[in-house]
2 protein chains.
Amino acid sequence: MAEPQQNEGRDTRRLIVERAAEQFALWGYAGASISDIAAAVGVSKPALYYHFSDKEEIYTEIVTSVLSQMRARAEAAVAAQPDAPAKLRAFMRVHAQYLHENEHAYIAAQLGFRGLRATEGRGRALELRDRYEAVLKGIIAEGCRSGVFRLTDQRAAVMLVLSALNWMARWYRSDGETPAAEFADRYCNMLLDGFRPRDPPRPARRKRTI
Amino acid sequence: MAEPQQNEGRDTRRLIVERAAEQFALWGYAGASISDIAAAVGVSKPALYYHFSDKEEIYTEIVTSVLSQMRARAEAAVAAQPDAPAKLRAFMRVHAQYLHENEHAYIAAQLGFRGLRATEGRGRALELRDRYEAVLKGIIAEGCRSGVFRLTDQRAAVMLVLSALNWMARWYRSDGETPAAEFADRYCNMLLDGFRPRDPPRPARRKRTI
DNA sequence: TCGACCCTACTTACCGTTCGGTCAACGCCT
DNA sequence: AGGCGTTGACCGAACGGTAAGTAGGGTCGA
């Protein structure tokens, strides 16, 4: 049996991040104690301090891991789509799917650095968040350029999409009957077409020739 | 000068709620300490315990006060509007305006009862929240009934509107140049008409005669 | 004198963090 | 082959600090 010691460490570290995310999601950053996390992992408190320098570093690892994974998935999914509406739908579905698969880590990451000084980790997290949002920004801009979207305020549109996705973490439960991606789909439909009925039965969309 | 003592108490109590909201908004529930709050009010810790039985009761008062005020304002604003789109706009504007005027209390209330047992206060808060959301639900339902809205999932539409409004608390700063109600307006426009352009220059809307 | 209102000083419990030690596995020299 | 120092991974116990909450007393207008 290979190397029980070398890999035990990596495994424990991964487990710490996983269980810490659960505790943070449940009780918030300040509310989740190191003792709780250690107990949830099944190790002693000093074990946490062997793998991480302090509590904040554990939290930072959760946030940065979530954000970078989401960006990677989003970019891959978006690149495979032909036009802006399809890209928007893919973006939203991937985001919702990530929430579904990583509920605790996602919620923990959403708690944000409220009340943490975290100059280093916070900076990296903000950078990653901006990069993620830039993907959506690109989709909106492309849609406006090609004429499939008509928006007076692109930034507001970006915020609206992100609001819908981010707020899902507050009410979505992965054990329900409707999967997260399905909700993302419905959101996308409403965002694309609006609440008001579109009068004609939608003839072939007129392409705007510049 | 009337009754300095009797009313001093009410004043202190109000001030406690106000300053506690600031602290909660800044540091989260667990992160904001009773000592911090007392210091922010300018009194000693026992003064807080004279007016409230414990920390949780202070938080509960913030939440219930915010929710009941929002419902009162929303119902008043909505009642004065002629049709569903106008009502939706009024609802969204009032919600955003409340955030603008009561930033700290609103953010504190949004923190939610994460990690609090609070059987009593939490129940009352959930009830108030449901009543508030019922106002929006009514608007959406009315719009669908009259035909000005065409929605396949009314609940999803309600969630979408609330997501947009609730998430504002995460990025909106009241000292910016664009007021909250303006953002609510832009959101409302996008929600009503969608991202995609509406082909005709919008002729007089066809009323659906049943 | 009474009760509303608030204080100083304190208790108790838990927090994040650290210290010193343990113990198995590995590399290395003889 | 066998002793031996090193390293990775972890533990028990305790640290100083701070948290929520309390005991008991003082003040002052009605």
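Chain naming here is simple, since letters A, B, ... match the order of the sequence lines and numbering starts at 1 in each.
Ring geometry for A/His95 against A/Tyr132 counts as tilted: the plane angle lies between 30° and 60°, on a 0 to 90° scale.
The nucleotide whose nearest atom lies closest to any side-chain atom of A/Thr12 is, among D/dC10, C/dA9, C/dC15, D/dC10. Relative to the side chain of A/Ile34, the nucleotides D/dA13, C/dT17, C/dC15 differ in distance, and C/dT17 lies closest. Of the candidate nucleotides D/dG21, C/dT8, C/dC15, C/dC15 has the atom nearest to the side chain of A/Ser33.
More than 12 heavy atoms of other residues, nucleotides or ligands shown are found within 6.0 angstrom of CZ on B/Arg170.
The side-chain tip of B/Lys55 does not point at the ring of B/Phe24 from less than 6.0 angstrom away and within 45° of straight on. Relative to the six-membered ring of B/Tyr187, B/Arg93 misses at least one condition, a distance below 6.0 Å or an angle of at most 45° to the axis.
One atom, OH of B/Tyr50, and another, P of D/dG25, lie 18 Å apart when rounded to the nearest Å. Between the CZ atom of B/Phe52 and the P atom of D/dA20 there is a distance of 15 Å, given to the nearest Å. If you measure from atom OH of A/Tyr59 to atom C1' of C/dG16, you get 18 Å, rounded to the nearest angstrom. Rounded to an integer number of Å, the gap from A/Ile37 CD1 to C/dT17 P is 10 Å. For B/Lys55 and D/dA20, the NZ to C1' distance is 8 Å, given to the nearest whole Å. C/dC6 atom C1' lies 15 Å from atom NZ of B/Lys45, rounded to whole Å. With rounding to whole Å, B/Asp54 atom CG is found 5 Å from D/dG21 atom P. One atom, OH of A/Tyr49, and another, P of C/dG21, lie 22 Å apart when rounded to the nearest Å.
Note on B/Ala30: nothing from the nucleic acid sits closer than 4.0 angstrom, heavy atoms only. Among the atoms of the strands shown, base atoms are found under 4.0 Å from some heavy atom of B/Ser44. Heavy atoms of B/Ala32 sit under 4.0 angstrom from primed sugar atoms or phosphate atoms, though from no base atom.
The phosphate of C/dC6 has OP1 or OP2 within less than 4.0 Å of a side-chain N or O from B/His51.
Using a 4.0 Å cut-off between charged side-chain N and carboxylate O, A/Glu101 and A/Arg73 make a salt bridge.
Sequence order on DNA chain C of the closest nucleotides to A/Asp36 and A/Pro46 puts A/Asp36 first from the 5' end.
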